[in-house]
**Student:** 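Here you go, one structure.
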Amino acid sequence: MGRICCKEEVCIGCRLCEVWCQVEHSESRDIIKAFLYEKERAIPRVRVEERGPVSFALQCRHCEEPDCVFACISGALYKKDGVVVHDASKCVGCWSCVLACPYGAIIMDEAHGKAWKCDLCEGRGVPICVEKCPNEALEVEHNGV
Amino acid sequence: MECEYLIIGNSAGGIGATEAIREVDREGELIMVSEESYRAYSRALIPYYLAGEIELEKVYYRNVDFYARNNIRVISGKKAVAIDFDNKEVEMEDGQRIRYGELLLATGSTPFIPPMEGLSYDYTGGKFDKDGVFTFTSLDDAVEIKRSVESGYVENAVVLGGGRIGLMAAEALMRLGLNVTVIKRSERLLPEVFDETASRMVKRHLKESGLLMLTGHTVKEVMGERSVERIVLDDGTEIGCDLLIIAAGVRPRVELVRGTEVKVNRGIVVDGRMRTSVEDVYACGDCAEVYDFAYDDFRLTPLWATAYAGGRIAGFNMCGVEKEYRWGTNMNSMHFFGLPVIAAGVSAEEGGYEVLKEVEEEKKIYRKIVLREGRVVGVILMNKIERAGLFLCFMRRGIDVSPFKEELLSADFALISLPEVLRGAMMR
């Protein structure tokens with residue numbers, strides 16, 4: 001697995017990737033239930049950055065030499081088969097990864113003291129943001145290709 | 001006994017090195033020597049453990065099968081006592097000798113104990129001559145402090161030292177329901193990385209959170225028969241105290257190479273590839289003076305992340321993959337009673353630096369960027385730290401930020417704030 005790339009010129013800034021990421025990381029994985037009935041909404045692991053006419057979705061770049069992994073004090077972050085994995089059960093919310101990530105792609109959940117990041121929808125095949133992007137701005141880039 | 005790679009130390013630096021070595025060489029015999037009998041745990045997590053935020057099991061840094069999976073032989077609970085560089089052998093306290101091909105010194109640091117009347121500390125055994133007095137750098141420390149607090153006889157705790165470790169210890173003890181007083185020698189909090197404003201704002205936040213801090217004081221005397229009962233400050237003030245934690249900083253642990261051919265300044269001297277002055281001998285982490293990109297100099301940087309990253313570079317070089325360490329500076333990600341603070345690099349205001357600042361004292365928001373010739377050399381962010389990594393990236397890569405300087409302090413500064421060309425280059 002590689003990483004998700006966003007074609008800036010195609011992104012329309014609709015933020016549906018954020019919405020679907022929340023759904024995929026919710027308990028029910030059902031959009032109505034996830035937004036209406038679940039106690040707390042899941043935190044999206046992708047974030048759309050927008051300024052004037054320009055927008056793009058940004059998620060973990062799954063760096064070859066991942067600074068966040070080097071900085072992680074708890075061992076929650078590690079690299080496995082080319083994917084930067086985050087084990088939230090080990091995360092203590094020290095925000096060392098936030099300081100280390102050169103893209104600002106780590107999402108802080110201050111209420112729960114946890115960091116979150118793109119997990120490439122582990123086990124799903126095509127990541128949901130890629131599948132649901134209405135303008136095909138998102139695609140999976142396989143190992144630098 | 002003989003091995004290709006011998007690592008003295010089983011913490012961040014040692015683990016960083018083994019992981020790098022195993023990426024390159026799966027087979028070469030690798031031995032780690034550790035005087036502690038635990039498997040690798042994170043020192044940086046002991047405040048979380050003390051506070052009861054995590055279980056003991058979560059303090060361990062790698063899975064239980066880490067050594068087996070990586071084909072590492074561990075000799076634990078034993079100290080290395082001497083090195084024979086001519087024959088490339090390390091001698092253990094029980095007389096065992098280990099011959100090495102490449103050696104890494106990742107011996108870490110020891111707590112510094114300021115001299116006080118009524119208290120002495122045995123550096124070899126790591127014990128005080130009074131009960132109820134602890135350092136706070138090892139898992140043993142945390143376990144013993146926790147046990148002492150859980151005994152129910154402890155009410156008033158004093159933490160000597162207001163650095164990162166001291167403040168985290170104090171916060172943990174408050175969460176356990178103790179009355180806590182922090183005694184701090186300098187007026188300025190974290191003087192290495194904080195300026196006056198950051199220090200003032202964090203102090204105020206600590207006070208509002210219920211922490212009593214006495215700055216500008218030292219402890220003159222520790223009183224009590226067998227256990228600590230009270231302490232006396234330099235001005236004569238007495239404070240009742242049944243738990244005293246000394247967190248007054250750390251000193252590099254260099255006794256193994258003191259007086260040998262390995263050059264030692266304040267810490268072990270290394271070059272950009274983490275090599276010491278002796279061939280095939282490397283050093284990393286708290287015991288070494290490592291490269292700091294903000295100062296463009298070699299300095300003591302006793303931090304978890306820099307130890308790991310430095311160990312990684314040492315590991316690569318130990319197995320013949322040439323790499324330069326350009327990764328770290330004094331980079332701190334902290335939180336005090338829920339207030340997240342980032343501080344990295346240079347905090348100075350004078351000496352040819354350009355300083356950009358924005359303060360919202362009431363909201364506890366502070367953003368400060370220190371520039372030298374258009375390059376970021378220091379940053380402090382309080383609250384809204386989510387994009388802090390961009391600043392560290394600019395610092396590390398020496399990126400000229402003058403074209404978008406006016407953006408840097410904006411609350412929503414992010415990747416999109418960068419010129420398209422730079423952004424594109426960064427995303428590659």
Side-chain angles (χ1 to χ4, degrees), chain A residues 3 5-9 11 13 47-61 63-80 87 89-111 113 115-116 141 144, chain B residues 12 15-16 19 40-45 47-49 53-54 58-63 66 303-306 308-312 327-328 331-335 338 340-344 379 381 384-394 396-397 412-417 420 423-424 426-427:
Chain A
R3 58 181 187 175
C5 290
C6 182
K7 287 174 267 178
E8 207 173 291
E9 63 285 4
C11 174
R47 200 160 31 196
V48 174
E49 295 194 8
E50 194 171 6
R51 171 183 269 203
V54 183
S55 66
F56 58 82
L58 176 72
Q59 51 283 84
C60 169
R61 311 314 300 139
C63 301
E64 206 168 305
E65 286 284 295
D67 292 327
C68 61
V69 171
F70 306 157
C72 179
I73 64 167
S74 71
L77 285 160
Y78 57 97
K79 193 141 190 203
K80 198 182 172 203
D87 174 357
S89 76
K90 291 203 79 177
C91 178
V92 294
C94 70
W95 316 130
S96 297
C97 52
V98 171
L99 173 57
C101 176
Y103 304 103
I106 305 271
I107 288 139
M108 288 168 67
D109 176 359
E110 291 191 61
W116 297 107
E141 189 187 78
Chain B
I15 299 290
E19 291 186 333
Y41 65 88
S42 174
R43 275 166 222 291
L45 286 185
Y48 298 87
Y49 168 69
E53 284 179 49
I54 56 170
K58 300 270 189 215
V59 178
Y60 293 107
Y61 181 52
R62 291 291 184 258
N63 291 336
F66 173 79
L303 297 169
W304 184 266
T306 49
Y308 181 89
R312 182 171 175 81
W327 196 83
M331 44 195 271
N332 301 274
S333 167
M334 303 164 280
H335 48 85
V341 186
I342 294 276
V379 60
L381 300 177
K384 306 202 186 246
I385 64 163
E386 213 165 42
R387 312 307 172 105
L390 290 169
F391 296 103
L392 197 74
C393 174
F394 299 153
R396 184 181 288 137
R397 299 193 196 171
D412 54 3
F413 180 77
L415 206 53
I416 201 156
S417 316
E420 201 181 330
R423 194 166 71 226
M426 280 178 62
M427 294 297 276

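These numbers come from the heavy atoms of this one structure, side chains and all, not from hydrogens, waters or symmetry mates. A note on names: the letters A, B, ... follow the listed sequences, proteins ahead of strands, and every chain is numbered from 1.
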**Student:** Is Arg423(B) close to Val54(A) at the side-chain level, that is, under 4.5 Å between some pair of heavy atoms?
**Tutor:** yes
**Student:** For Leu390(B), is it the side chain, the backbone, both or neither that has a heavy atom under 4.5 Å from a heavy atom of chain A?
**Tutor:** both
**Student:** Would you please name every residue forming a side-chain hydrogen bond (donor to acceptor under 3.5 Å, both in side chains) with Lys58(B), sequence neighbours left out?
**Tutor:** Ser89(A)
**Student:** Does the pair Asp67(A)/Arg396(B) count as a salt bridge with the N-to-O cut at 4.0 Å?
**Tutor:** yes
**Student:** Which atoms of Glu19(B) come close to chain A, meaning under 4.5 Å heavy atom to heavy atom: side chain ones, backbone ones, both, or neither?
**Tutor:** neither
**Student:** Tell me, side chain or backbone of Ile385(B) under 4.5 Å from chain A's heavy atoms, or both, or neither?
**Tutor:** both
**Student:** At a heavy-atom separation under 4.5 Å, does Asn332(B) approach chain A through its side chain, its backbone, both, or neither?
**Tutor:** backbone
**Student:** Looking at Ala305(B), Ser42(B), Ala388(B), Ser333(B), which has the largest count of heavy-atom pairs under 4.5 Å with chain A?
**Tutor:** Ser333(B)
**Student:** Identify each donor-acceptor pair in which a side-chain atom of residues 92-107 of chain A lies under 3.5 Å from a protein atom, sequence neighbours left out, and give them as a table.
**Tutor:**
from	atom 1	to	atom 2	distance (Å)
Trp95(A)	NE1	Gly93(A)	O	3.4
Tyr103(A)	OH	Met426(B)	O	3.1

**Student:** For atom NZ of Lys79(A), decide whether the heavy atoms of other residues, nucleotides or ligands shown that lie under 6.0 angstrom number more than 12.
**Tutor:** yes
**Student:** Glu110(A) versus chain B, heavy atoms under 4.5 Å apart: side chain, backbone, both or neither?
**Tutor:** side chain
**Student:** Working to the nearest 0.5 Å, report the span between CG of Leu303(B) and CD1 of Ile73(A).
**Tutor:** 11.0 Å
**Student:** Let me know if Tyr48(B) has heavy atoms under 4.5 Å from chain A in its side chain, its backbone, both or neither.
**Tutor:** side chain
**Student:** Between Ser417(B) and chain A, with a heavy-atom cut-off of 4.5 Å, which part of the residue counts as in contact: side chain, backbone, both or neither?
**Tutor:** both
**Student:** Between the main-chain N or O of Tyr60(B) and the side-chain N or O of Lys90(A), is there a donor-acceptor pair closer than 3.5 Å?
**Tutor:** yes
**Student:** Do Phe56(A) and Leu415(B) have side-chain heavy atoms sitting under 4.5 Å apart?
**Tutor:** yes
**Student:** Check whether any side-chain heavy atom of Arg47(A) sits under 4.5 Å from a side-chain heavy atom of Glu386(B), and report yes or no.
**Tutor:** yes
**Student:** Is it the side chain or the backbone of Arg61(A) that comes within 4.5 Å of chain B heavy atoms, both, or neither?
**Tutor:** side chain
**Student:** Would you call Glu49(A) and Arg387(B) a salt bridge, using N to O less than 4.0 angstrom?
**Tutor:** yes
**Student:** So which of Trp304(B), Phe391(B), Tyr41(B), Phe394(B) has the biggest tally of heavy-atom pairs under 4.5 Å with chain A?
**Tutor:** Trp304(B)
**Student:** At a heavy-atom separation under 4.5 Å, does Arg43(B) approach chain A through its side chain, its backbone, both, or neither?
**Tutor:** neither
**Student:** Other residues, nucleotides and ligands only: do more than 12 of their heavy atoms fall within 6.0 Å of CD on Glu64(A)?
**Tutor:** no
**Student:** Between chain A and each of Arg397(B), Met334(B), Glu53(B), Arg312(B), count heavy-atom pairs under 4.5 Å; write down the option with the most.
**Tutor:** Arg312(B)
